[in-house]
There are 2 protein chains.
Amino acid sequence: MSKRTYNMYCAIAKALDVVGERWTLLIVHEVLSGPKRFKDFLDHLPGIGTNLLSKRLKELEQADIIRHRKLPPPASSEVYEITEHGQGLEEVVLGLARWGTPLLGLPKPDELFCPVWALYAMKDRFVPENAKGISKTYEFHIDDDILQARVENQQIFPTQGAAWKPDVVITMDSATLLDIGTYQIEPMDAHQQGRVQVQGDVADYDEFFQLLVDAESGIERINLK
Amino acid sequence: MSKRTYNMYCAIAKALDVVGERWTLLIVHEVLSGPKRFKDFLDHLPGIGTNLLSKRLKELEQADIIRHRKLPPPASSEVYEITEHGQGLEEVVLGLARWGTPLLGLPKPDELFCPVWALYAMKDRFVPENAKGISKTYEFHIDDDILQARVENQQIFPTQGAAWKPDVVITMDSATLLDIGTYQIEPMDAHQQGRVQVQGDVADYDEFFQLLVDAESGIERINLK
DNA sequence: CGGAATCCTCTTCGATACTG
DNA sequence: CAGTATCGAAGAGGATTCCG
């Protein structure tokens, strides 16, 4: 009944004792992107099963990586969120995202995609040099998800949820987001074809994607052809 | 017989599809610290089992993270080393090391410790501000292992193996290294008690440990009491 | 509906023994 | 020393059920 451990006096092994099991770091990624309900995890982690998810959430809570709290009625559902200690794993998750990007290729039919996962892609692809003098908040409506990206001081802060006073609101479905993200279509072309709606200045929409790595190096980065 | 995958179009999941299995990142850590033989892995990864190690090495080779080559006779043994692609995982491993350090506590009797693991601890604890104007190479003989740390331009480059022209050679056993590393004893006290031998200027030996975080913040960092 | 518990099958892991 | 073979134990996956 004792928990499995590597039994090594090694910081890496100690970390993996806690977050190295299957699904664990993916669950951490989810809560790093914003508070989530049990159902959200199930939707975003295909095949995990309720029992295993339940077990993982308990382990993560015991390790002080997440906490859960009940929302007041009428919501009456539990919400899981990251702790300060868990926030320290951001560097690890971001490192995995960076290293994993070239393995993405094009999405396969049986692969699940959730819009929130684009948050780390934004961080990964953001080019500070292209953002000089820009201070804007971009809001995205992708399928039923709302995301935002605050750009400021040549940094980007993408998070889940609606922005307070967005400079522009950009609406598209996830298929279009994937086509743009994998450089199958230019952002402005997608807009002209009616696949993207923009509330606000269309120039802001165009500008946002200029902040990310361009198609040429981007295609190499996600390893297309 | 198809490999288990998360089936998510997500860079983090893709990375974990490749390096997320049990033992895998620890093996990557080992080769990041220097080329290793089969036996070395077995000695450093208690309980892995030869079959699983063999399997992991094959998987890592297939993923272009490590490569193996035969040493010329009379050595005639296989050596596994990191590839350029695998080197990209350094950020992930270092992130895990950083996050895992506060979980270390004091070494327990049944926990294995290998001197090479101190390499990432050096990187983690190095304080650039304390290294102004220092350009030296420190060589360490710990038990039967030889390590080195090159300090230059307020950076530290710890690696496995003997240095070319070390400024100082420091010899101790791993118990002493652990005592110093966990702030149970001051480096100079350990030297005075004959637990550390120094070839070269003893001031250099003292200086080196000044480059790492001091006891006060260090104890907090590894979460002792 | 959110989440925990049960049962069953399958895969992976871990330890030992064995071979080149 | 470098692996392969074998087998019992543990963990994962999927369906279903139960409880609030």
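In what follows, chains are A, B, ... by sequence order, proteins preceding strands, each numbered from 1.
- Residues forming a ring-ring contact (aromatic ring centres under 6.0 Å, His included) with A:His68 (at least two apart in sequence, or on another chain): A:Tyr80.
- As judged by a 4.0 angstrom heavy-atom cut-off over every strand, A:Phe41 is placed among residues making no nucleic acid contact.
- Side-chain N/O atoms of A:Arg56 include one lying less than 4.0 angstrom from OP1 or OP2 on D:dA12.
- Rounded to an integer number of Å, the gap from CZ of A:Arg22 to P of C:dT12 is 9 Å.
- Along DNA chain D, the nucleotide nearest A:Thr50 and the nucleotide nearest A:Trp23 are compared for position; the residue whose nucleotide lies closer to the 5' end is A:Trp23.
- The distance from atom NZ of A:Lys55 to atom C1' of C:dT6 is 15 Å, rounded to the nearest whole Å.
- With hydrogens and angles ignored, a donor-acceptor pair closer than 3.5 Å exists between the side chain of A:Asn51 and the base of D:dG14.
- Here A:Trp117 and B:Tyr9 keep their ring centres 6.0 angstrom or further from each other.
- For the pair A:Lys123 and A:Phe126, the cation-pi test (distance below 6.0 Å, angle within 45°) is failed.
- Protein atom NZ of A:Lys58 is 5 Å distant from nucleotide atom P of C:dA5, rounded to whole Å.
- D:dC1 atom C1' lies 10 Å from atom CG of B:Leu42, rounded to whole Å.
- Between B:Tyr80 and the phosphate of D:dG3, there is a side-chain N or O to OP1/OP2 separation shorter than 4.0 Å.
- In this structure, B:Gly47 reaches the sugar-phosphate backbone alone: every heavy-atom distance under 4.0 Å involves primed, P, OP1 or OP2 atoms, never a base.
- The aromatic rings of A:Trp99 and B:His85 sit parallel to each other, their planes meeting at less than 30°, with 60° as the upper class boundary.
- The CD-P distance, from B:Glu21 to D:dA12, rounds to 10 Å in whole Å.
- Protein atom CZ of A:Arg37 is 10 Å distant from nucleotide atom C1' of C:dC1, rounded to whole Å.
- One atom, CG of A:Leu52, and another, P of C:dT6, lie 16 Å apart when rounded to the nearest Å.
- Salt bridge status for B:Glu81 with B:Arg69: present, with a side-chain N to carboxylate O gap under 4.0 Å.
- If you check distances only, the side chain of A:Ser54 never reaches the base of C:dA5 with a donor-acceptor pair under 3.5 Å.
- Regarding B:Lys39, its NZ atom lies at a distance of 8 Å from the C1' atom of D:dC1, rounded to whole Å.
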